[in-house]
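So the structure is just underneath, and the comments pick up after that.
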Number of protein chains: 2
Amino acid sequence: MSKCEQCIVREFSALKALNKDELIRMADCKTSYVVKKGETIFDEGDLLNGIYCIKDGICKLSKLSDNGKDQIVKLVKKGELLGQRSLISEESTNLSAVAVEDMQVCFIPKQEILKFFNENNQFSLNMMKSVCGDLKDADDGMVNLAQKTVKQRLAETLLKLESDFGTFEDGSLKIQLSREEIAGMIGTATESCIRLLSEFNKEGWISLQGKKISIIHKKELQRMI
Amino acid sequence: MSKCEQCIVREFSALKALNKDELIRMADCKTSYVVKKGETIFDEGDLLNGIYCIKDGICKLSKLSDNGKDQIVKLVKKGELLGQRSLISEESTNLSAVAVEDMQVCFIPKQEILKFFNENNQFSLNMMKSVCGDLKDADDGMVNLAQKTVKQRLAETLLKLESDFGTFEDGSLKIQLSREEIAGMIGTATESCIRLLSEFNKEGWISLQGKKISIIHKKELQRMI
DNA sequence: CGAATAGTATGACAAATATCATATTTTACT
DNA sequence: AGTAAAATATGATATTTGTCATACTATTCG
């Protein structure tokens, strides 16, 4: 069993407030495992008995709509926690979490987290801040979905993917999503997403080579948001 | 200065966790005032120095989009708190709050709330739950905006207005919003909203008499969601 | 390696929604 | 009460976006 004390990713989440003793306790009760790309961590409606700490990789939080499309609400990456909302609300999840690339995650049981809430005020505060950050993002997301065009949302999403996940040396986005997943993020039909990507490509704003997407003229994308 | 101890609405929010001493302290430092319909409590970008407790009335939380339209993210009513997100995140607000009907609100300074966070764990937990509830609603809202038609969102919104705010004896919704505000909630153009309301009216699912809206056939509205 | 499958691309068309114009009704105000 | 202003209503039209069909390309798997 690896030690949480030595795990650097805890510094990126509410867990950074935990002291040495708490970290040892957490290491004792956590279970860590690997999630392959495409595998599900939890499904809409599941009752979670704890939260997940993402040691490596990225997953998507999404909700299946009646029309059969998967709306992606958030991408969660290394260092972030997963499942807090459900745990705090004491409800089953409203979203499912699926790995977008291979992941390493640790599961921390509910009882342990509740103890932290009770004994470590800074941990509670951190967690609150993190949820508040999500809320702000979601509110902004609503406004975008309601008031911006698909084209604007695509431009914005591409820019955000670049700033959140970075690029390889060749300039292409490190995070590789399918066209369907990008469509699910911006809330449009897959064909519309593909069409607009082609258009951006023809305009010379981005370049497409298979799944690799590179932003060529960031300014042009920013201008249209 | 009225006593928070005797104010019933505190039971409906995170404030219910406060003990007698804390309530007395809060009563001491709070300021209560009246907000007339249409008046602004705070504006996008304002730095809040505390939170608001709504003693009576309803306000809308909205964000102005570049296209000049106001997207309504949430309606906040009697008993709820306002401004927590901004206070916890220590950021300026991303939303503005405007009274939809005459209101009575109390302002509680930041320092006091922070003290409660530090000394009253149940208060923190309650606050967290409330923010998590907002997050769930926002996530659901995103999926609706992205995946449902304007017609479906209008039907859903009407049903939600009825269940959240109730009806008068004549069956009309207690909360009275302008067509523009309803359009701002469902994320569409005012004309589209008016047109669909007319259509629902002609179908006999709702009835319109000026600003008064009554749901006649709830089942039909539910069926189309 | 080659077939099967999933993913990507594009055209043609349909449906949903926004925009603009204008009429009508309601509300606010002196 | 009477007028100005705002809100509501509706038609005509343009634009955006979705859907369906089909082709092409990449990937997987025996």
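By convention in this document, chain letters (A, B, ...) are assigned in the order of the sequence lines, proteins followed by strands, and residues within each chain are numbered from 1. Values below: all heavy atoms of this structure, side chains included; hydrogens, waters and symmetry mates excluded.
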Rounding to a whole Å, what distance do you find between [X]:[atom1] and [N]:[atom2]?
X      : N      : atom1 : atom2 : result
B:Q152 : C:dA16 : CD    : P     : 10 Å
B:I186 : C:dA18 : CD1   : C1'   : 13 Å
B:L197 : C:dT17 : CG    : C1'   : 15 Å
B:E180 : C:dT19 : CD    : P     : 13 Å
A:Q147 : C:dT19 : CD    : C1'   : 14 Å
B:I194 : C:dT26 : CD1   : P     : 14 Å
A:I213 : C:dG7  : CD1   : P     : 15 Å
B:L145 : C:dT17 : CG    : C1'   : 14 Å

| field | B:K16 atom NZ, neighbour heavy-atom count above 12 within 6.0 Å | value | yes
| task | Please indicate whether B:Q152 has more than 12 foreign heavy atoms, meaning atoms of other residues, nucleotides or ligands, lying under 6.0 Å from its CD. | result | yes
| task | Sugar-phosphate atoms are those with a prime plus P, OP1 and OP2; base atoms are the rest. Using that split, label each nucleotide of nucleotides 14-30 of chain D B, S or - for protein heavy atoms under 4.0 Å, 5' to 3'. | result | ---SBBB----------
| message | Would you say that B:N94 contacts B:R85 through its side chain, given a criterion of any heavy-atom pair below 4.5 Å between the two side chains? | response | yes
Hey, does the side chain of [X] reach the backbone of [Y] with a donor-acceptor pair shorter than 3.5 angstrom?
X      : Y      : value
B:S198 : B:I194 : yes
B:K77  : B:D164 : yes
B:S65  : B:D70  : no

| remark: Testing C:dT8, D:dA9, D:dT8 for proximity to the side chain of B:L208, the answer is D:dA9
| According to the interplanar angle, ranging from 0 to 90°, do the rings of B:Y52 and B:F42 count as parallel (below 30°), tilted (30 to 60°) or perpendicular (above 60°)? | tilted
| message | Pairing donors with acceptors under 3.5 angstrom, does anything connect the side chains of A:R153 and A:T157? | response | no
| request: Working to the nearest 0.5 Å, report the span between CZ of A:R179 and CD of A:E181. | output: 11.0 Å
| said: To the nearest 10°, give me the bend of the helix from C:dC1-D:dG30 to C:dT30-D:dA1, comparing the axes of its five terminal pairs at either end. | reply: 50°
| Under 4.0 angstrom between A:S198 side-chain N/O and C:dT8 OP1 or OP2 | no
